[in-house]
Amino acid sequence: MNTIKCLIVDDEPVAQRIIAGYLADLPGFEVVDTCLHAIAAMQVLQSKQVDLMFLDIEMPKLKGLAFLKSLQHPPQVIITTAHREYALEGFELEVLDYLLKPISFERFFKAVNRYQKLQQAVSKATPETPANRFIYVKSERKTVKLLEADLLYLEGMNNYIILHTRTDSHIVYTSLSEMLNRLGASFLRIHKSYAINRQHIRSYTKE
């Protein structure tokens, strides 16, 4: 079973610790980052794989639901808030669940269990293979969907990498190691600055 990558977005550090603590008690979940506001969360979503986001509503700079509306390809979202009046709007945005603070572990467990059941249903309907695996990356001010099968190799630079396909290239501001964590087992790091897609290897020599 793949580890479920989680992002916690909440301007209350105590709330962050409670959610992170709940996730630590559940097998198969990993907190990849925590953010105090939506702007920081946007940067995380552009640089890291996030499967499930726990999102507060009342936050500085940009409210949670406004942030969610701005995302073209959001991960699955569980709302965590003290304000019940936004529930209808939240479900209209197709959030997975709406948890009211203070959140009990029993209610939290029910929400993440719903996520796991949804993922199991999706996996049975569309089995993931190297041919249909894909990632979203931020390149040249837009989010681009790339099939892993189309990627030939990855080239690491100073603060960014270049993803090379047969037809074009995409500059992404992340590290080579971080991108390899997002990609499947077909990708092999052959140098500190290069990784290749095994599916496209035709031959090689010792040199």
Side-chain angles (χ1 to χ4, degrees), residues 3-24 29-103 108 111-112 115 118-119 134-146 154 156-163 169-183:
T3 301
I4 299 166
K5 310 290 186 179
C6 301
L7 172 63
I8 303 172
V9 188
D10 198 306
D11 64 338
E12 298 178 0
V14 173
Q16 289 186 4
R17 289 196 294 270
I18 290 173
I19 295 173
Y22 285 169
L23 290 170
F29 289 86
E30 175 189 352
V31 178
V32 297
D33 216 329
T34 58
C35 301
L36 293 171
H37 52 78
I39 305 303
M42 176 72 77
Q43 296 173 346
V44 173
L45 290 174
Q46 292 173 356
S47 61
K48 298 181 180 180
Q49 176 185 342
V50 175
D51 303 310
L52 179 60
M53 179 167 60
F54 295 88
L55 181 64
D56 190 18
I57 291 181
E58 291 293 342
M59 294 186 294
K61 299 183 180 181
L62 183 64
K63 290 189 177 183
L65 293 182
F67 168 58
L68 183 55
K69 291 177 183 178
S70 72
L71 300 177
Q72 287 187 318
H73 305 287
Q76 290 290 337
V77 173
I78 294 177
I79 295 293
T80 57
T81 181
H83 303 273
R84 65 174 66 247
E85 63 268 25
Y86 300 107
L88 179 58
E89 185 178 0
F91 285 115
E92 287 177 348
L93 292 172
E94 299 182 348
V95 301
L96 189 64
D97 211 334
Y98 193 98
L99 304 182
L100 287 173
K101 298 176 181 177
I103 303 168
F108 184 88
V112 296
Y115 170 83
L118 175 64
Q119 294 307 111
F134 64 87
I135 58 172
Y136 287 105
V137 297
K138 189 75 171 182
S139 176
E140 297 181 355
R141 298 183 180 181
K142 63 181 178 180
T143 301
V144 181
K145 178 181 179 181
L146 296 176
L154 289 63
M157 308 299 283
N158 290 329
N159 299 318
Y160 60 90
I161 63 172
I162 305 175
L163 305 179
S169 300
H170 300 276
I171 297 175
V172 180
Y173 287 90
T174 187
S175 67
L176 183 59
S177 296
E178 186 63 43
M179 182 56 66
L180 288 173
N181 287 336
R182 298 177 57 189
L183 295 169

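Computed from heavy atoms alone, side chains included, the values below leave out hydrogens, waters and symmetry copies.
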Within 6.0 Å of CZ in Phe91, more than 12 heavy atoms from elsewhere: yes

Under a 4.5 Å cut-off applied to non-hydrogen side-chain atoms, are Ile135 and Met179 in contact? yes

Is Met53 close to Val9 at the side-chain level, that is, under 4.5 Å between some pair of heavy atoms? yes

Beyond-backbone contact of Leu154 with Leu183, side-chain heavy atoms, under 4.5 angstrom: yes

Set out, in order, the CA-CA distance, both residues' side-chain angles and the distance that settles side chain to side chain contact (heavy atoms under 4.5 Å, CB included) for Ile18 and Ile103, then state yes or no. CA-CA 9 Å; Ile18 290 173; Ile103 303 168; 5.7 Å; no

Specify the closest pair of heavy atoms between Leu62 and Ala66, including all atoms of both residues, with the distance to one decimal. CD1-CB, 3.8 Å

Taking NZ in Lys63 as the centre, count heavy atoms belonging to other residues, nucleotides or ligands within less than 6.0 Å. Is the count above 12? no

Supply the atom-to-atom distance Gln46 CD to Thr174 OG1, rounded to the nearest 0.5 angstrom. 10.5 Å

Please report the closest heavy-atom contact between Ala82 and Leu100, naming both atoms and the distance. C-CD2, 4.3 Å

With sequence neighbours left out, the residues meeting salt bridge (charged side-chain N to carboxylate O under 4.0 Å, His left out) with Glu178 are none

Can you see which heavy atom on Phe108 is nearest to which on Leu23, and at what distance? CZ-CD2, 3.7 Å

Work out which heavy atom in Leu52 is nearest to a heavy atom in Phe29; give both atom names and the distance. CD2-CE2, 4.2 Å

Drop me the distance from Asp97's CG to Thr80's OG1, to the nearest 0.5 angstrom. 11.0 Å

Using a 4.5 Å cut-off on heavy atoms from C-beta on, say whether the side chain of Lys69 contacts that of Glu89. yes

Flag the pair Arg17 / Thr34 as yes when at least one side-chain heavy-atom distance between them is below 4.5 Å, and no otherwise. no

Any donor-acceptor pair under 3.5 Å linking the side chain of Lys48 with the backbone of Val32? yes

Go through the steps to decide whether Lys101 and Val14 satisfy the test side chain to side chain contact (heavy atoms under 4.5 Å, CB included), and finish with yes or no. CA-CA 12 Å; Lys101 298 176 181 177; Val14 173; over 6 Å; no

To the nearest 0.5 Å, atom CG of Asp33 lies from atom CD of Gln43 at 10.0 Å

Please round to the nearest 0.5 Å and tell me the distance separating atom CD of Glu30 and atom SG of Cys6. 8.5 Å

4.5 Å side-chain heavy-atom contact, Lys5 and Pro75: no

Determine which pairs satisfy ring pair (Phe, Tyr, Trp, His ring centres under 6.0 Å) with at least one residue from residues 60-87, sequence neighbours left out, and list them in order. His73-Tyr136

Spacing of CG belonging to Asn159 relative to CD1 belonging to Ile171, to within rounding of 0.5 Å: 12.5 Å

Strictly distance-based, threshold 3.5 Å: is any side-chain N or O of Gln76 a donor or acceptor partner for the main-chain N or O of Asp51? no

Go through the steps to decide whether Arg182 and Val137 satisfy the test side chain to side chain contact (heavy atoms under 4.5 Å, CB included), and finish with yes or no. CA-CA 11 Å; Arg182 298 177 57 189; Val137 297; 4.2 Å; yes

Shortest non-hydrogen separation from Ile8 to Ile19 and the atoms involved: CD1-CG2, 3.7 Å

Heavy atoms, side chains only, cut-off 4.5 Å: are Leu55 and Val95 in contact? no

More than 12 heavy atoms of other groups within 6.0 Å of Glu85 CD: yes

Heavy-atom pair of closest approach, residues Ile162 and Ser169: CG2-CB, 3.8 Å

What's the separation between atom CG in Asp10 and atom CE in Met59, rounded to the nearest 0.5 Å? 7.5 Å

Establish, yes or no, whether a centroid distance under 6.0 Å links the rings of Tyr22 and Phe54. no

Hey, does Leu65 have a side-chain heavy atom less than 4.5 Å from the side chain of Ile79? yes

